[in-house]
Amino acid sequence: MSDIESAILSALSSGPDATIPDSFAFATTSSLDHNSIVGTCKSLEADAYVSVAERSTQFYVLGKEAESIVQNGSQEILVLNALIAAGEDGLSMPELQSAVGKDVCKIGMGNCLKNKWAKKDKASGKLIAVATEGIKDDVKEQLIALKSAPEGENTKVIDDKAAAALKRRKLISLITRKSYTISRGQEYAPQRVKKAADLTKEMLESGKWKDTTFKEYNFQTLGNSVGGGYLHPLMKVRAEFRKILMEMGFEEMPTNKWVESSFWNFDSLFQPQSHPARDAHDTFFIKEPAATISVPEEYYERVKTMHEKGGSGSIGYRTEFKREEAMKNLLRTHTTAVSSQMLYKLANQPGGFKPAKYYSIDRVFRNESMDATHLCEFHQVEGLVADYNLSLGDLIGTIETFFRGIGITQLRFKPAFNPYTEPSMEVFGYHPDLKKWTEIGNSGMFRPEMLAPMGLPKDVRVIAWGLSLERPTMIKYRIDNIRNLFGHKVDMGMTKNAPICRFETAEEEEEEKV
């Protein structure tokens with residue numbers, strides 16, 4: 001039991017009607033902290049050891065200027081005394097300021113003139129004392145009376161009019177102090193015995209439960225309401241994208257495996273083993289297990305041949321293709337690693353190749369410096385179409401259809417370079433809020449050097465495009481820093497309060513304008 005708890009319970013032990021009239025006065029006489037006494041009383045009240053009633057006490061407190069008046073007298077008396085000492089000649093303003101000080105002169109002169117204790121000579125402009133006898137320093141006497149009265153009782157020492165005048169001069173302020181009257185509770189005892197909250201295995205084994213006092217249980221009360229889960233803004237945008245892609249006839253790819261081999265992530269895409277993206281400063285390589293167990297051997301040999309010697313009109317890279325490099329495990333840098341596996345299965349499935357549309361929306365990892373627009377991990381949206389005799393026009397049309405579904409109709413395409421697509425295009429969209437064109441994706445047609453080793457028919461073409469999920473989400477929810485959207489700095493309240501995501505199609509926007 002703490003010293004404060006012991007002091008309170010001891011003070012109430014003299015009889016059934018014992019009380020502590022004022023907790024603040026009790027704290028002062030007992031040399032205890034009042035806030036600690038209040039906290040202990042609340043705890044004792046919860047166990048019905050004491051009963052607590054709130055009370056308030058009002059009293060006046062003197063300010064710094066008032067304390068000076070108590071010592072030296074009020075400003076008006078100091079000014080009057082200086083004028084009396086000057087005699088009939090009076091004092092000019094500079095002389096008065098020199099005699100009593102600027103601050104005292106400013107306040108005291110005004111009050112002297114107001115009380116008609118002094119007058120201003122029109123000819124000389126000097127102040128001359130008028131009243132020289134029988135003047136009392138009422139302000140000083142009132143302040144001394146307030147200071148001398150017991151704390152909590154000085155509001156009765158002076159009348160309301162005098163108090164109002166002192167408050168106007170900011171000499172005193174009225175303080176309201178909260179304290180408590182403490183009396184015995186229903187369960188009062190000189191010493192508190194803490195009630196047990198739970199029945200434990202040890203109590204049952206020892207029989208101690210028979211002598212233990214337990215807290216009362218209320219079996220009728222309801223627990224706190226548990227709110228349902230909330231979808232993160234990224235997941236809301238993802239759901240909209242999935243809906244649009246499935247309406248376009250796309251099938252989702254299995255992208256739940258984040259660790260891939262360098263073979264599927266780079267080599268099968270006809271990306272050279274000397275490419276800078278395969279360095280450790282751009283890619284997260286796995287330490288354990290450092291290498292994959294196996295890849296399709298016949299396909300591996302065809303990919304190796306394509307890299308070293310070429311084929312399908314290509315001369316290849318004319319460099320040694322190293323198996324240990326191809327077998328390295330890594331965190332996938334793009335979901336195209338899954339696209340290459342799906343295309344390989346499509347080419348070698350029973351019954352031969354059949355046209356297909358695939359999409360994926362999942363996480364990828366890159367060893368990048370983090371800032372307001374870049375993270376080491378993000379979500380990639382990717383779509384591909386494999387069919388006979390596709391052209392660049394089919395790619396542009398597919399991209400336009402998708403972006404029309406999310407309300408973006410103004411698109412521009414710029415030639416670009418990708419190791420595994422030719423031709424390649426960057427996709428730009430006009431942002432109506434930012435009033436400018438911004439890059440929103442990348443696209444291209446997979447190269448024959450990538451498709452031929454898979455075993456796809458010669459006249460099969462594959463068009464593909466991709467974009468990040470974060471950028472359209474940031475635009476949709478007006479978020480200017482990606483770290484406020486994804487990662488450890490995300491505000492959970494934002495996730496809870498984020499509105500439903502709904503992209504208006506181009507047709508719906510046109511209807512609204514009409």
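Gln58 approaches Thr176 most closely through the heavy-atom pair NE2-OG1, 3.2 Å. Nearest heavy atom pair, residue Leu269 against residue Trp264, reads CG-O, 4.2 Å. When all heavy atoms of Pro457 and Phe353 are compared, the pair lying nearest together is CD-CB, 3.9 Å. Between Gly429 and Leu411, the shortest heavy-atom contact is CA-CD2, 4.2 Å. In this structure, Ile463 and Thr398 approach most closely via the heavy-atom pair CD1-OG1, 3.9 Å. In this structure, Met203 and Thr212 approach most closely via the heavy-atom pair CE-CG2, 4.3 Å.
Among Leu331, Leu330, Val259, Thr283, the single residue meeting the side chain to side chain contact (heavy atoms under 4.5 Å, CB included) criterion with Phe365 is Leu331. Results of the ring pair (Phe, Tyr, Trp, His ring centres under 6.0 Å) test with Phe263 over Phe270, Tyr299, Phe321 single out Tyr299 as the only residue that passes.
Between Phe266 and His334, the ring-plane angle classifies as tilted under the 30° and 60° cut-offs. The aromatic rings of Phe446 and Tyr420 are tilted relative to each other, their planes meeting at an angle between 30° and 60°.
A donor and an acceptor atom, one from each side chain of Ser391 and Asp394, are located under 3.5 Å apart. Glu382 and Thr336 share a donor-acceptor pair across their side chains, judged by distance under 3.5 Å alone.
Heavy-atom contacts from other residues, nucleotides or ligands closer than 6.0 Å to CH2 of Trp209 number 12 or fewer. The neighbour count for Glu247 CD, taken as heavy atoms of other residues, nucleotides or ligands under 6.0 Å away, is above 12. More than 12 heavy atoms of other residues, nucleotides or ligands shown are found within 6.0 angstrom of CG on Asp33.
Note on Glu202 versus Lys208: no salt bridge recorded, every NZ/NE/NH1/NH2 to OD/OE distance being 4.0 Å or above. Between Arg323 and Glu297, at least one side-chain N (NZ, or NE/NH1/NH2) sits under 4.0 Å from a carboxylate O, which counts as a salt bridge. A salt bridge is defined here as a Lys NZ or Arg NE, NH1 or NH2 lying under 4.0 Å from an Asp or Glu carboxylate O, and Arg332 with Asp362 meets this definition.
Applying the side-chain hydrogen bond (donor to acceptor under 3.5 Å, both in side chains) test to residues at least two apart or on different chains, the pairs with a partner in residues 302-318 are Ser314-Glu449.
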Can Phe241 and Phe250 be said to form a ring-ring contact (aromatic ring centres under 6.0 Å, His included), step by step? CA-CA 11 Å; Phe241 280 14; Phe250 283 79; over 10 Å; no

Residues 287-296, side-chain donor-acceptor partners within the protein, below 3.5 Å, at least two apart:
none

